[in-house]
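I have placed the structure first, in the form of C-alpha cells, so that the comments after it can refer back to it.
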There are 2 protein chains.
Amino acid sequence: MMSRTADDDMTKGTGSYEQLKLGNQLCFPLYAVSREIIKKYRPILRKIDLTYTQYLVMMVLWEEDTVNVKKLGEMLFLDSGTLSPVLKSLETKGLVSRSRSDEDERILLISLTDRGCALREKAKDIPFEISKCVELSPEETYELGTILRKLLKQTR
Amino acid sequence: MMSRTADDDMTKGTGSYEQLKLGNQLCFPLYAVSREIIKKYRPILRKIDLTYTQYLVMMVLWEEDTVNVKKLGEMLFLDSGTLSPVLKSLETKGLVSRSRSDEDERILLISLTDRGCALREKAKDIPFEISKCVELSPEETYELGTILRKLLKQTR
DNA sequence: CCAAATTCAATTGTGCCCAATTAAATTATA
DNA sequence: TATAATTTAATTGGGCACAATTGAATTTGG
C-alpha cells in the first residue's frame, strides 16, 4: 500500500503538512536570494572598503547629505541597534560625521564628509557590475520591483 | 519633456549617479522584505521555541528525516559556519540527534528525534498564519515565486 | 602501499540584526 | 510648573551569516 508520494495527498496522513515545505513558502527563496545577491556585492564593495549595510547608508547620504538616525532607520528598515555601530564604523573610516541637533539634543545628525562625498565617484559603477550578475528580463525586473515594493508597503 | 527633474537627467550633474539609489536597485527591497517577513515569523515561532533558521532546518528534516550537514547546507544555501551552532542548539532542545556516518566518519548525520517529529504537528498552521500577514494575489504570488526560483538557480 | 589531494565539518573572528532595556531630552498635562 | 508621557539614541545580549583556517578522514595517483 501507500504507493502515493507524501507530496500530493491533501486528504490524510502527511498531506496536512503540505504547506510546511520549503518549496511551498515564498519566504525561503526570498531570504536565500537576498543573501546570495548580497554575497555578490561583497567582493565588489571590498574594493571601496564597505559592507553591504554601510553601502546602503552611504547611498542614502549621497542623496540626502544629512539625515538623523531615526529617518535613516525608517528608510532602511533598520533600528538603532543595527545603525549605531554601523555609523560609528563609517565615522571611523572618515566617511561621515556625527553631531547632535542644536534644537533637540536627542537627535543625532549624520552628514557626509568630503571623503564620503568623494567615494560616490568610486561607487558609481557598482549597480552596473551587479546587474551583470543578475539575469532577468526587463519585464521580470519590473514585476519583481513592483511586488517587492508592494510587500514593503504592507509592513508599514 | 523639459519638465524632468534632477532625478532623471542622465546627461549631467548628479545624473551619472542615477543608478546609485536605493529606489533603483532591486537588492534593497529584496533584503528589506526578507527581513520584514522573518520579523513576522518571530512571534509565531517563539510559541514553539524556534528561530527562523532553526525552522528552516526542521522543515527539511520533516521531509527527509535524516540528512548530512553538507546536503542541508546545499538545500538551505547555508554553510557549516552557520549550521554547526544551529544544529547544536536543536540538539540541546532535543529536536534532532547528531551522529557520524559509519561508512565515512567525516559525515555528520542529522536525524529527527521523536520530539522533533512531534513538533511538526504544532508547526502545521504556521504557513497559514504567515499567509494572513502577506497580501498578494495568486498571480503575484506565482510570479514572485517563479522569479525568485530563477534567481536562485543562477547562483548555482 | 603511501604521499598528495580532496572532502567534510568545526572553529574563530567580524559584522550585522533585533528585542529589550536604559538614559537623556523634550513635550504635554494637571 | 512639577511631573508624567513621549521621543530619540545608545547599549546589551543572543543568534545568526560568512570568510578563512584547521583538522580529521577518505580517495586518488604513482
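Quick note on labels: first sequence line is chain A, next is B, and so on, each numbered from 1.
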Listed partners of A/T146 passing side chain to side chain contact (heavy atoms under 4.5 Å, CB included), at least two apart: A/Y142, A/R149
Sequence neighbours excluded - ring-ring contact (aromatic ring centres under 6.0 Å, His included) pairs with any residue from residues 32-59 of chain B: A/Y31-B/Y52, B/Y41-B/Y52, B/Y41-B/Y55
Phosphate OP1/OP2 of C/dA10: any B/K70 side-chain N/O under 4.0 Å: no
Out of D/dA10, C/dT11, C/dT6, whichever nucleotide has its closest atom nearest the side chain of B/R106: C/dT6
Listed partners of B/T113 passing side chain to side chain contact (heavy atoms under 4.5 Å, CB included), at least two apart: B/S97, B/R115
Any residue meeting salt bridge (charged side-chain N to carboxylate O under 4.0 Å, His left out) with A/K93, in chain and number order, not counting sequence neighbours: A/D49
Results of salt bridge (charged side-chain N to carboxylate O under 4.0 Å, His left out) for A/R98 - residues two or more places apart only: A/E91
Touch class at under 4.0 angstrom, heavy-atom based, for A/K88 against every strand present: sugar-phosphate
Contacting residues from residues 24-36 of chain A, given that a heavy atom lies under 4.0 angstrom of DNA chain C: none
Sorted by number, the residues of residues 47-57 of chain B with heavy-atom contact under 4.0 Å to DNA chain D: B/T51, B/T53, B/Q54
Using a cut-off of under 3.5 Å, enumerate the N/O to N/O pairs linking the protein to nucleotides 20-22 of chain D.
none

Positions of residues 94-104 of chain B (non-hydrogen atom under 4.0 Å from DNA chain C), listed by number: B/R98, B/R100
Any A/N68 side-chain nitrogen or oxygen under 4.0 Å from OP1 or OP2 of D/dA9: yes
Using residues 72-90 of chain A as the side-chain source, report each donor-acceptor pair under 3.5 Å to any protein atom, sequence neighbours left out, with the distance given to one decimal.
{"unit_1": "A/E74", "atom_1": "OE2", "unit_2": "A/K70", "atom_2": "NZ", "d": "3.4"}
{"unit_1": "A/D79", "atom_1": "OD1", "unit_2": "A/G81", "atom_2": "N", "d": "3.0"}
{"unit_1": "A/D79", "atom_1": "OD1", "unit_2": "A/T82", "atom_2": "N", "d": "3.2"}
{"unit_1": "A/S84", "atom_1": "OG", "unit_2": "A/S80", "atom_2": "O", "d": "3.1"}
{"unit_1": "A/S89", "atom_1": "OG", "unit_2": "A/Q54", "atom_2": "NE2", "d": "3.1"}

A/I38 CD1 to C/dG15 C1', straight-line distance once rounded to whole Å: 12 Å
Note: B/E129-B/K132 ion pair, threshold 4.0 Å (strictly below): no
Residues forming a side chain to side chain contact (heavy atoms under 4.5 Å, CB included) with A/S131, sequence neighbours excluded: A/F128
Residues that B/E140 engages under side chain to side chain contact (heavy atoms under 4.5 Å, CB included), provided they are two or more places apart: A/I147, A/K150, B/L136, B/S137
